[in-house]
Amino acid sequence: MTNAHVFDVVVVGSGAAGGMVAHDLTKAGADVLLLEAGRDYDPQVETPMFQTPQSAPLRGLGLDIEKPAGYFDATVDGGWTVPGEPYVLAENSEPFQWWRSRMLGGRTNHWGRVALRFGAYDFKPKSRDGLGFDWPLEYNDLAPWYDEVERLIGVTGAAEGLENSPDSPAGILLPPPPLRVHEIFLSRAFSKLGMNVAAIHAAILTKPYNGRAECLYSTQCTRGCSSRSNFQSTTVLLPDARATGNLTVGCDAVVYQIDLDKHGLATGVSFVNRRTDQHSNVKGRVVVLAAGAFSSTRILMNSKSATFPEGIGSTSGFLGKHIMDSLEYTLSSRVPALENVPPQNDDGIFAPHIYVPWWLYEEQKNRKLDFPRGYHIEPRGGRRMPTMGVARYVADTDLTYGSDLRDLIQRRYGTYVFLTGEGEMIPNDHCYCELDPDVTDRWGIPVLRFHWRWGEPEILQGQHMLATFNQVFAALGGTTTPGSITMPPGGSSVHEVGGARMGSSQQDSVVDAFGQCWDVKNVFVLDGAVFASHPDKNPTLTILALAKRGAARILELSKGGTQ
């Protein structure tokens, strides 16, 4: 790679969006440069697939600041804090935190693998209840791209015929895994309360697929997967892209600016090497931002010129606006009935084998609820490999040591179930990011300053989660938790989206329905930054579908001579 070489496409970021774009463009013959801010990473070599918690420091309790998600987690060089790369929280903002991956493949190495399609309602929320923003596309526009993504990466699931939870065409989804004991218990409680129970859709293989092995049930997906049994950009997308001979990968390349010519077109990007601190630039006919929603937004903001003094995309007035996260809330309960269940095989995929899609659309339509958008529920539990986190089992006893304490822990282990709600967030004017006027990173590049405030709909939705979870636990004869929900910090679910939303015109958005920037026609934003709303479904599958659709658009325009 030399500075004189002109690539067909420069892709910034190597995760879900960047990996998919690189995969599709290189297979179509394009000369692609993929720039990643973090280090090179190969999960087939580096993944600790079979180490048990006792092999880790502190038995895997996860108190190491360099391993914030647990000692064996796949995260390397990234997390909530990245040395030398700060961000700022605005005065009077509610708590907010930003997870950044600094590794090839990004968050696809350590995400939860829940892969739900957005439904028809999710693309037109404002048309339904007057709140937020509609997308400039409909479910039917994205459905074929969902199909292609699922065929490529492998997704478990089943046809359920549920409202606003689209089924995939026959023959695409892999068989769902069987229910485990705690899931059978919970399913009965959900059904008793009139809640639908569906097979989870997860990017984890339940049978051999596309040359990859089925899941071995060996460890958490957050460690990565050396058997390639789950979806990671590093094991599914990038190997195919490299095999074409059309992909060049540059790691430790922190991109901070899109370079423009005198005509206002992108000529490439500028970046700094994270290891050597050397600044460089590379040239490309098209630039694709796929660095993660807020990182892509920051690059646009820092791409200032005489034509765009506030950055590329700023002419709309919406750059950095309406950033979003899922409202993620978890509650646990001890279910004494599970003490008497003989030991069972609790092996299974890392994701829950079932979930509860939102079930109260009709009640919301008839204004019977005091909040306008819903959530889905992901249940967890079982007797997987224990760790040091046993305090909950002995919280109500004076025992401190001995065989009685051991017997109590053994009896109660596996009796706890956990319900996690993933709630829709309505975009609001109080949630946005901007460049801080004073603070820079270690290379002198302005950093993001975040403003965050949960809206009243999310607060009321959280209260509904708490009440619903307690109803489920009570139906099981389990412990309940009275009181009010404490809202989590913004960003804590690591479902960051928004900041450069798509729309129907330059007056209401930063990019069009294909991710093409209104301001600079050879710049595309193809990650979660373009989301116009944030439904209760996890965002990764939709990011992959949008990236695949955007890559096809780039190829179409290139063939037509307009790029």
Side-chain angles (χ1 to χ4, degrees), residues 1 7-27 30-47 74-79 82 85 99-111 113 149 152-153 203 224-225 228 230-256 258 268-269 271-275 280 282 284 286-296 298-299 494 496 515 524-529 539-541 543-544 546-548 550-551 554:
M1 180 177 70
F7 291 90
D8 292 329
V9 183
V10 175
V11 180
V12 183
S14 61
M20 183 61 78
V21 172
H23 175 276
D24 286 9
L25 294 183
T26 54
K27 289 178 78 71
D31 181 20
V32 175
L33 170 64
L34 185 70
L35 294 177
E36 165 55 48
R39 74 163 174 86
D40 196 2
Y41 174 74
D42 183 357
Q44 293 187 262
V45 175
E46 299 188 52
T47 298
T75 305
V76 294
D77 292 350
V82 179
E85 300 182 55
W99 179 278
R100 286 166 292 170
S101 296
R102 286 292 182 264
M103 59 195 300
L104 190 68
R107 291 175 217 172
T108 67
N109 296 301
H110 47 255
W111 67 303
R113 273 75 181 185
V149 169
L152 174 62
I153 71 173
C225 185
R228 303 173 65 220
N230 63 31
F231 167 71
Q232 297 172 242
S233 175
T234 39
T235 57
V236 178
L237 301 177
L238 297 184
D240 284 357
R242 281 181 161 134
T244 67
N246 297 323
L247 180 67
T248 303
V249 176
C251 290
D252 295 313
V254 181
V255 174
Y256 57 85
I258 297 171
V269 300
F271 66 93
V272 59
N273 185 290
R274 198 162 59 103
R275 305 295 179 185
S280 303
V282 290
V286 176
V287 172
V288 174
L289 294 184
F294 304 155
S295 290
S296 290
R298 181 189 175 206
I299 293 169
V494 198
E496 68 173 74
F524 285 75
V525 184
L526 294 177
D527 57 19
T540 303
L541 189 74
I543 291 172
L544 288 163
L546 290 171
K548 181 173 274 291
I554 291 170

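Everything numeric here is computed off the predicted structure, so don't read it as measured data. Positions are given from 1, in the same order as the sequence printed here.
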Do Leu544 and Phe231 have side-chain heavy atoms sitting under 4.5 Å apart? yes

Shortest non-hydrogen contact from Pro43 toward Thr235: CG-CG2, 3.4 Å

For Arg228 and Asp240: C-alpha separation, side-chain torsions, deciding distance, then whether salt bridge (Lys or Arg N to Asp or Glu O under 4.0 Å) applies. CA-CA 13 Å; Arg228 303 173 65 220; Asp240 284 357; 5.5 Å; no

Do Leu238 and Leu104 have side chains that get closer than 4.5 Å, going by heavy atoms? yes

Do Thr540 and Arg107 have side-chain heavy atoms sitting under 4.5 Å apart? no

Has Thr26 got a side-chain atom pairing as donor or acceptor with His23's backbone, closer than 3.5 angstrom? yes

With the side chain counted from C-beta on, respond yes when Leu35 and Val282 share a heavy-atom pair under 4.5 Å apart, and no when they do not. yes

So, using side chain to side chain donor-acceptor pair (under 3.5 Å) as the criterion, who are the partners of Ser14 when residues are at least two apart? Glu36

Test side chain to side chain contact (heavy atoms under 4.5 Å, CB included) applied to Val32 and Val21, step by step: CA-CA 9 Å; Val32 175; Val21 172; over 6 Å; no

Can you tell me which residue among Val12, Val10, Leu526, Val269 is in a side chain to side chain contact (heavy atoms under 4.5 Å, CB included) with Leu289? Val12

Please lay out, stage by stage, how Asp8 and Leu25 fare under the test side chain to side chain contact (heavy atoms under 4.5 Å, CB included). CA-CA 9 Å; Asp8 292 329; Leu25 294 183; over 6 Å; no

For salt bridge (Lys or Arg N to Asp or Glu O under 4.0 Å), just list the numbers for Arg298 and Glu85, CA-CA rounded to whole Å, side-chain angles, deciding distance to a tenth of an Å, and then say yes or no. CA-CA 12 Å; Arg298 181 189 175 206; Glu85 300 182 55; 5.1 Å; no

State which residue, out of Thr108, Thr47, Asn109, fulfils the side chain to side chain donor-acceptor pair (under 3.5 Å) condition with Gln232. Asn109

